[in-house]
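Reading through the structure tokens given below for one structure.
These figures come from a predicted structure and were not determined experimentally. Each chain gets a letter, A, B and so on, in the order the sequences are listed, and its residues count up from 1.
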Amino acid sequence: MFKKSTHMTIKYTKNDNGDFVCPDCGIIKKRQNSMHYHMKKHMEELKHVCQECKKGFLQKQTLDLHMKSKHSELIDDSEKKFKCPFDNCEFIALTKGNCIIHCLRSHCQEEIKQIMEVSKETKTISCTSCEKTFSSSCGFYYHAKGCVQFKDEDKLEMLQEIL
DNA sequence: TAGCGCCCCCTGCTGGG
DNA sequence: CCCAGCAGGGGGCGCTA
């Protein structure tokens with residue numbers, strides 16, 4: 001079992017296959033960094049703490065995102081936000097992924113329709129181009145950036161700014 | 001090689017229409 | 001109820017000691 005200390009060095013255990021085994025719950029991970037993340041959860045090591053509201057996060061990126069969204073007045077204006085590259089659209093997203101999803105959803109509906117297949121039964125969305133299935137529309141749209149075909153070169157050029 | 005940071009991808013939740 | 005956007009976790013890649 002782990003002691004809940006933020007200064008504790010993590011020790012990793014491997015099984016005969018060379019996979020990483022969690023000594024706490026026995027879960028197996030192929031990669032060390034995946035186990036690192038998993039074990040941190042056991043240790044409740046939320047070392048990335050927001051100085052403003054004292055909320056803790058597992059990952060620095062999550063804290064950065066939190067700072068951008070909740071305390072944007074405290075950070076440098078040059079901090080990266082992702083603006084929609086399409087003309088006459090003022091949409092700004094906190095993450096690149098969310099910006100891509102917005103662009104495809106709002107500006108590329110025609111192209112998306114060509115590869116989007118919605119199942120009302122299973123409430124999933126499939127890509128007819130590669131037959132991959134997603135449980136949420138966001139997942140599909142994010143994936144679609146790699147499968148969708150553009151006839152309009154200007155549109156493709158604008159999208160490439162954020163891809 | 002162990003340990004960890006960065007970033008991409010995906011998912012679940014929430015709020016508004 | 002549906003859809004768009006937000007927020008956060010999982011995992012791959014690559015760097016450093």
Side-chain angles (χ1 to χ4, degrees), chain A residues 2 5-15 17-50 52-72 74-75 79-86 89-113 115-127 129-148 159-163:
Chain A
F2 297 107
S5 161
T6 54
H7 301 294
M8 183 178 160
T9 305
I10 296 174
K11 294 290 175 198
Y12 297 93
T13 317
K14 286 185 178 180
N15 65 11
N17 297 328
D19 296 331
F20 291 87
V21 183
C22 175
D24 206 28
C25 66
I27 195 170
I28 295 168
K29 299 281 182 186
K30 289 273 179 206
R31 295 186 62 90
Q32 185 198 34
N33 68 325
S34 302
M35 181 55 71
H36 174 73
Y37 179 81
H38 171 82
M39 287 168 80
K40 272 181 164 180
K41 286 206 294 193
H42 282 304
M43 294 158 69
E44 295 179 9
E45 188 181 357
L46 302 174
K47 68 176 182 181
H48 301 287
V49 179
C50 173
E52 194 62 14
C53 60
K54 309 298 177 197
K55 194 176 174 189
F57 301 91
L58 285 172
Q59 298 181 329
K60 180 178 175 294
Q61 60 170 20
T62 310
L63 173 60
D64 288 344
L65 188 64
H66 167 82
M67 291 300 288
K68 278 194 227 175
S69 64
K70 306 292 181 192
H71 312 296
S72 58
L74 299 176
I75 57 176
E79 274 295 315
K80 246 185 173 177
K81 288 188 181 177
F82 298 89
K83 188 185 175 310
C84 176
F86 284 84
C89 179
E90 295 301 312
F91 178 83
I92 295 173
L94 293 171
T95 69
K96 186 180 173 182
N98 288 342
C99 188
I100 290 169
I101 292 165
H102 158 83
C103 289
L104 292 174
R105 228 175 209 164
S106 305
H107 306 295
C108 308
Q109 289 174 357
E110 284 304 308
E111 291 85 350
I112 289 293
K113 270 186 205 165
I115 60 166
M116 187 181 199
E117 193 172 79
V118 182
S119 166
K120 298 224 170 181
E121 270 180 36
T122 57
K123 293 189 177 175
T124 56
I125 301 174
S126 304
C127 173
S129 176
C130 66
E131 299 188 349
K132 225 179 152 186
T133 301
F134 299 85
S135 59
S136 73
S137 64
C138 289
F140 169 78
Y141 279 105
Y142 192 87
H143 159 85
K145 73 183 173 43
C147 285
V148 71
L159 269 176
Q160 276 171 347
E161 284 181 33
I162 57 162
L163 294 181

Can you give each donor-acceptor pair under 3.5 Å made by side-chain atoms of residues 130-141 of chain A, sequence neighbours left out, with the distance rounded to 0.1 Å?
unit_1: A:T133; atom_1: OG1; unit_2: A:S126; atom_2: OG; d: 3.2
unit_1: A:S136; atom_1: OG; unit_2: A:G139; atom_2: N; d: 3.3
unit_1: A:S137; atom_1: OG; unit_2: A:R105; atom_2: NH2; d: 2.8

**Request:** Flag yes if more than 12 heavy atoms outside A:E90 fall under 6.0 Å of its CD atom; otherwise flag no.
**Result:** no
**Prompt:** Taking the side chain of A:F91 as its heavy atoms from C-beta onward, which of C:dC6, C:dA7, C:dA4 lies nearest to it?
**Reply:** C:dC6
**Asked** Which nucleotide, B:dC10, C:dG9, C:dG5, lies nearest any side-chain atom of A:F134?
**Response** B:dC10
**Request:** Would you please name every residue forming a side chain to side chain donor-acceptor pair (under 3.5 Å) with A:H66, sequence neighbours left out?
**Result:** A:H71
**Distance-minimising heavy-atom pair for A:K83 and A:I92** = CG-CG1, 4.1 Å
**A:T122: partners by side chain to side chain donor-acceptor pair (under 3.5 Å), with sequence neighbours left out** = A:S119, A:T124
**Asked** How many Å lie between CD1 on A:I125 and P on B:dC9, as a whole number?
**Response** 18 Å
**Request:** Select one nucleotide: of C:dC6, C:dA7, C:dG5, the one nearest the side-chain heavy atoms of A:S106.
**Result:** C:dG5
**Prompt:** What residues in residues 135-145 of chain A put a non-hydrogen atom under 4.0 Å from any atom of DNA chain B?
**Reply:** A:S135, A:S136, A:C138, A:G139, A:Y142, A:H143, A:K145
**Request:** Give the rounded distance in Å between these two atoms: NE2 of A:H66 and P of C:dG8.
**Result:** 8 Å
**Request:** Calculate the interatomic distance between A:L104 atom CG and C:dC3 atom P; express it in whole Å.
**Result:** 17 Å
**Prompt:** What closest approach, in Å, do A:V148 and A:I112 show between heavy atoms, and which atom pair accounts for it?
**Reply:** CG2-N, 4.1 Å
**Message:** Rounded to whole Å, please give me the gap between CE in A:M67 and C1' in C:dG8.
**Reply:** 17 Å
**Prompt:** How close or far is atom P of B:dC8 from atom CD1 of A:I162, stated in whole angstroms?
**Reply:** 12 Å
**Message:** If I take atom CG in residue A:L63 and atom P in nucleotide C:dG9, what distance separates them, rounded to the nearest angstrom?
**Reply:** 11 Å
**Fill in**
Atom CG of A:L94 and atom C1' of B:dC13 are separated, to the nearest Å, by 16 Å
Output a table of donor-acceptor pairs, distance under 3.5 Å, between side-chain atoms of residues 93-100 of chain A and any protein atom two or more places apart or on a different chain; print 'none' if there are none.
unit_1: A:T95; atom_1: OG1; unit_2: A:N98; atom_2: N; d: 3.0
unit_1: A:T95; atom_1: OG1; unit_2: A:N98; atom_2: ND2; d: 3.1

**Request:** Respond yes when some side-chain nitrogen or oxygen of A:K96 is under 4.0 Å from OP1 or OP2 of B:dC7, and no when none is.
**Result:** no
I'd like a list of close polar pairs between nucleotides 14-17 of chain B and the protein, N/O only, cut-off under 3.5 Å.
none

**Message:** With a cut-off of less than 4.0 Å, is there a side-chain N or O of A:T95 near OP1 or OP2 of C:dC6?
**Reply:** no
**Request:** Give the ring-plane orientation class for A:F91 versus A:H102, where under 30° counts as parallel, over 60° as perpendicular and anything between as tilted.
**Result:** parallel
**Prompt:** What pairs with A:E110 under salt bridge (charged side-chain N to carboxylate O under 4.0 Å, His left out), at least two apart in sequence or on another chain?
**Reply:** A:K113
**Message:** Tell me the interatomic distance from A:D64, atom CG, to C:dC6, atom P, rounded to whole angstroms.
**Reply:** 17 Å
